[in-house]
Peer 1: 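Structure incoming, see below.
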Amino acid sequence: MCPVCASPMMIVELQGVEVDHCPACRGTWFDSGELELVAEIAGIEPERLRGVLLPEPGARAGTRRCPRCGRRMQPATVGPREPVHIDRCPDGDGVWLDAGELASVVRNYHEGDLGKLAEFFGDMFRSELEHGR
Ligand SMILES: [Zn+2]
Ligand SMILES: [Zn+2]
């Protein structure tokens, strides 16, 4: 179930990785390791995302609940360039990205031909979602 709007989520394939996506609010849940996989395909070194995705002991809990274990997720801010507000499970089950946040994360961490890649990646995501219906 979607942690934001409680709609049933569907599985979509994103660059060969299966993720849970909410068709109502367009948020996406990445199980542990899946976002790193997708990021790697997008040209981001997984090392760079690791600190972002690991839960901080003692960090405050948010209001959204992890779709896997039901615990309240921790809000986290990602990215030196444009801050993205993500939610992550305190047990490390995974991370939740609202609509558009994946492209922002990619823009934050990709080095090199940033604009082109971010655009490409954003378009891929949209077309994958349409095929998944
Ligand atoms: Zn939703
Ligand atoms: Zn969890």
Side-chain angles (χ1 to χ4, degrees):
M1 209 192 283
C2 172
V4 177
C5 69
S7 299
M9 294 206 282
M10 62 184 196
I11 298 195
V12 294
E13 201 187 295
L14 175 60
Q15 307 280 299
V17 182
E18 288 188 345
V19 298
D20 292 287
H21 175 75
C22 174
C25 69
R26 304 201 148 256
T28 307
W29 170 260
F30 293 85
D31 280 321
S32 180
E34 287 178 344
L35 184 60
E36 289 97 320
L37 264 179
V38 171
E40 202 173 355
I41 295 162
I44 303 173
E45 280 183 38
E47 248 342 284
R48 307 204 58 187
L49 275 179
R50 203 142 288 159
V52 164
L53 300 175
L54 291 177
E56 287 167 27
R60 74 191 168 90
T63 53
R64 295 170 171 183
R65 289 180 183 275
C66 170
R68 292 287 178 264
C69 70
R71 292 183 63 187
R72 292 199 294 161
M73 294 192 284
Q74 297 176 344
T77 305
V78 173
R81 294 193 183 98
E82 59 180 289
V84 186
H85 304 285
I86 66 165
D87 300 278
R88 60 188 169 194
C89 169
D91 280 345
D93 288 330
V95 293
W96 174 263
L97 301 184
D98 287 323
E101 289 183 339
L102 178 62
S104 300
V105 170
V106 170
R107 279 198 295 274
N108 267 296
Y109 287 98
H110 183 259
E111 286 171 354
D113 197 353
L114 195 63
K116 252 186 201 165
L117 187 110
E119 261 170 53
F120 167 78
F121 200 72
D123 286 340
M124 288 302 285
F125 191 34
R126 271 194 291 279
S127 73
E128 290 288 353
L129 294 180
E130 275 150 23
H131 289 309
R133 269 190 202 144

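All ligand and atom numbering here is 1-based and tracks the order in the structure.
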Peer 1: Counting backbone and side-chain atoms alike, does Asp91 have an N/O/S atom under 2.8 Å from the Zn ion (ligand 2)?
Peer 2: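 No N, O or S atom of Asp91 is closer than 2.8 Å to the Zn ion (ligand 2), so no.
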
Peer 1: Quick one: closest heavy-atom pair of Leu97 and Phe30, and the distance?
Peer 2: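 Taking Leu97 first and Phe30 second, the nearest heavy atoms are CD1-CE1, 3.6 Å.
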
Peer 1: Given the Zn ion (ligand 1) as the apex, I'd like the angle to SG of Cys5 and SG of Cys25, rounded to 10 degrees.
Peer 2: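 Between SG of Cys5 and SG of Cys25, at the Zn ion (ligand 1), the angle is about 120°.
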
Peer 1: Could you grab the angle centred on the Zn ion (ligand 2), going from SG in Cys66 to SG in Cys69, to 10°?
Peer 2: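 SG of Cys66, the Zn ion (ligand 2) and SG of Cys69 span an angle of about 110°.
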
Peer 1: How long is the straight-line distance from CG of Asp91 back to CE of Met73, given to the nearest 0.5 Å?
Peer 2: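 It is 12.5 Å, given to the nearest 0.5 Å.
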
Peer 1: Go through the steps for Trp29 and Cys66 under the test side chain to side chain contact (heavy atoms under 4.5 Å, CB included), then give the verdict.
Peer 2: CA-CA 9 Å; Trp29 170 260; Cys66 170; 3.8 Å; yes

Peer 1: Determine which of the N, O or S atoms in Asp93 is closest to the Zn ion (ligand 2) and give its atom name.
Peer 2: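 Closest to the Zn ion (ligand 2) among those atoms: OD2.
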
Peer 1: Quick check: closest heavy atoms across Ala61 and Arg72, and the distance to 0.1 Å?
Peer 2: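 Of all heavy-atom pairs spanning Ala61 and Arg72, the closest is CB-CB, 3.9 Å.
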
